[in-house]
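Predicted model only: the values in this text are computed from it and were never measured. In what follows, every heavy atom counts, from backbone to side chain, and hydrogens, waters and symmetry copies are set aside.
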Amino acid sequence: QVQVQESGGGLVQAGGSLRLSCAASGRTISTLAMAWFRQAPGKEREFVAAFSRDGISKYYTNSVKGRFTISRDNAKNTVYLQMNSLKPEDTAVYYCAADRNLGVGTTISGYDYWGQGTQVTVSA
């Protein structure tokens, strides 16, 4: 059974930075497709960034390109989301997701394993 746990959320002013962490257990992340999604109040959960299972390809939603970076540390079995130049519209609960069978994906339905989420609040 794969489990993922997010951490690193918090309150930051616009223009600031945060780094989210997603620690995986039950399987090494080198065998998983990993992604970050977010859900703002009153909105649907949306894709943010993803790592292909082979660790070669990265994907980002347009609104975060150039500001967010997804990375991973296989030794720590952890995936990160570095968020720079944060904007109030980035405020959301951020979720880490993983899947054993997916090569890479940007849709919610593609991922079987989800964390509880971590709150990111960006003040104006």
Side-chain angles (χ1 to χ4, degrees):
Q1 180 75 2
V2 176
Q3 292 184 323
V4 292
Q5 178 65 56
E6 308 92 339
S7 62
L11 173 63
V12 64
Q13 290 186 334
S17 299
L18 281 174
R19 188 179 78 160
L20 305 183
S21 299
C22 172
S25 61
R27 201 171 181 96
T28 59
I29 60 173
S30 61
T31 65
L32 298 169
M34 303 289 295
W36 289 96
F37 289 77
R38 66 186 179 186
Q39 188 166 15
K43 295 187 177 181
E44 294 185 350
R45 192 171 299 188
E46 65 173 0
F47 168 75
V48 177
F51 236 126
S52 60
R53 188 170 56 183
D54 60 13
I56 295 175
S57 303
K58 302 178 185 181
Y59 301 86
Y60 299 94
T61 192
N62 286 339
S63 63
V64 307
K65 284 180 181 178
R67 300 189 299 121
F68 290 12
T69 302
I70 190 170
S71 63
R72 71 187 201 182
D73 185 333
N74 288 347
K76 295 183 178 180
N77 220 37
T78 299
V79 173
Y80 302 98
L81 185 68
Q82 177 67 43
M83 306 186 296
N84 298 329
S85 302
L86 282 161
K87 305 175 181 180
E89 50 264 43
D90 294 317
T91 294
V93 177
Y94 283 70
Y95 296 91
C96 179
D99 196 85
R100 297 178 301 174
N101 300 311
L102 191 65
V104 66
T106 62
T107 60
I108 295 171
S109 61
Y111 292 87
D112 285 339
Y113 306 102
W114 293 83
Q116 294 299 308
T118 185
Q119 177 70 47
V120 171
T121 303
V122 184
S123 62

message: Suppose the criterion is side-chain hydrogen bond (donor to acceptor under 3.5 Å, both in side chains): which pairs have a residue in residues 4-21, not counting sequence neighbours?
response: Ser17-Asn84

query: Does Ile108 belong to the same Ile/Leu/Val/Met/Phe/Trp/Tyr cluster as Val93, with side-chain heavy atoms less than 4.5 Å apart forming each link?
result: yes

query: Picking from Ile56, Ile29, Leu32, Ile70, what satisfies side-chain contact (heavy atoms from CB on, under 4.5 Å) with Phe51?
result: Ile70

message: Under a 3.5 Å distance rule, please check whether Thr91 uses its side chain to pair with a backbone N or O of Val122 as donor and acceptor.
response: yes

message: Does anything in residues 27-69 form a disulfide bond (SG atoms under 2.5 Å apart)? List the pairs, not counting sequence neighbours.
response: none

query: Taking only residues two or more places apart in sequence, or in another chain, which ones meet Thr107 in a side chain to side chain contact (heavy atoms under 4.5 Å, CB included)?
result: Ser109

query: Who pairs with Asp90 by salt bridge (charged side-chain N to carboxylate O under 4.0 Å, His left out), at least two apart in sequence or on another chain?
result: Arg38, Arg67

- prompt: Backbone N or O of Ala24 within a donor-acceptor pair of the Asn77 side chain at under 3.5 Å?
  reply: yes

Disulfide bond (SG atoms under 2.5 Å apart) partners of residues 27-93, not counting sequence neighbours, each pair once: none

field: Selection residues 59-84 - residue pairs positive for ring pair (Phe, Tyr, Trp, His ring centres under 6.0 Å), sequence neighbours left out
entry: none

- prompt: Please, which pairs that meet salt bridge (Lys or Arg N to Asp or Glu O under 4.0 Å) have at least one residue in residues 55-65, sequence neighbours excluded?
  reply: none

query: What pairs meet the disulfide bond (SG atoms under 2.5 Å apart) rule with one or both residues in residues 50-124, with sequence neighbours excluded?
result: Cys22-Cys96

field: More than 12 heavy atoms of other groups within 6.0 Å of Glu89 CD
entry: yes

task: Say whether Val79 and Tyr95 are linked into one hydrophobic cluster, either directly or through other cluster members, by side-chain heavy-atom distances under 4.5 angstrom.
output: no

- prompt: Ala14 and Ala124: which non-hydrogen atoms are nearest, and at how many Å?
  reply: CB-CA, 4.4 Å

task: Name all residues meeting the side-chain hydrogen bond (donor to acceptor under 3.5 Å, both in side chains) criterion together with Ser30; count only those two or more places apart in sequence or in a different chain, and write none if there are none.
output: Thr28

- request: Show your working on side-chain contact (heavy atoms from CB on, under 4.5 Å) between Glu46 and Thr61 and close with a plain yes or no.
  value: CA-CA 9 Å; Glu46 65 173 0; Thr61 192; 5.6 Å; no

task: Over all heavy atoms of both residues, which pair between Met34 and Ala98 is shortest? Give the atoms and the distance, please.
output: SD-CB, 3.5 Å

query: For the atom pair CD (Gln82) and CG (Leu20), what is the distance rounded to the nearest 0.5 Å?
result: 9.0 Å

- line: Heavy atoms of Ala50 and Gly105 approach each other most closely as CB-O, 3.7 Å

query: By side chain to side chain contact (heavy atoms under 4.5 Å, CB included), which residues pair with Arg53, not counting sequence neighbours?
result: Ala33

query: Any idea which heavy atoms bring Ala49 and Leu81 closest together, and the distance?
result: CB-CD1, 4.1 Å

- request: Could you list all the ring pair (Phe, Tyr, Trp, His ring centres under 6.0 Å) pairs where at least one residue sits in residues 21-44, not counting sequence neighbours?
  value: Phe37-Phe47, Phe37-Tyr111, Phe37-Trp114

- request: Not counting sequence neighbours, list each pair that qualifies as a side-chain hydrogen bond (donor to acceptor under 3.5 Å, both in side chains) and has a residue in residues 96-106.
  value: Arg100-Tyr113

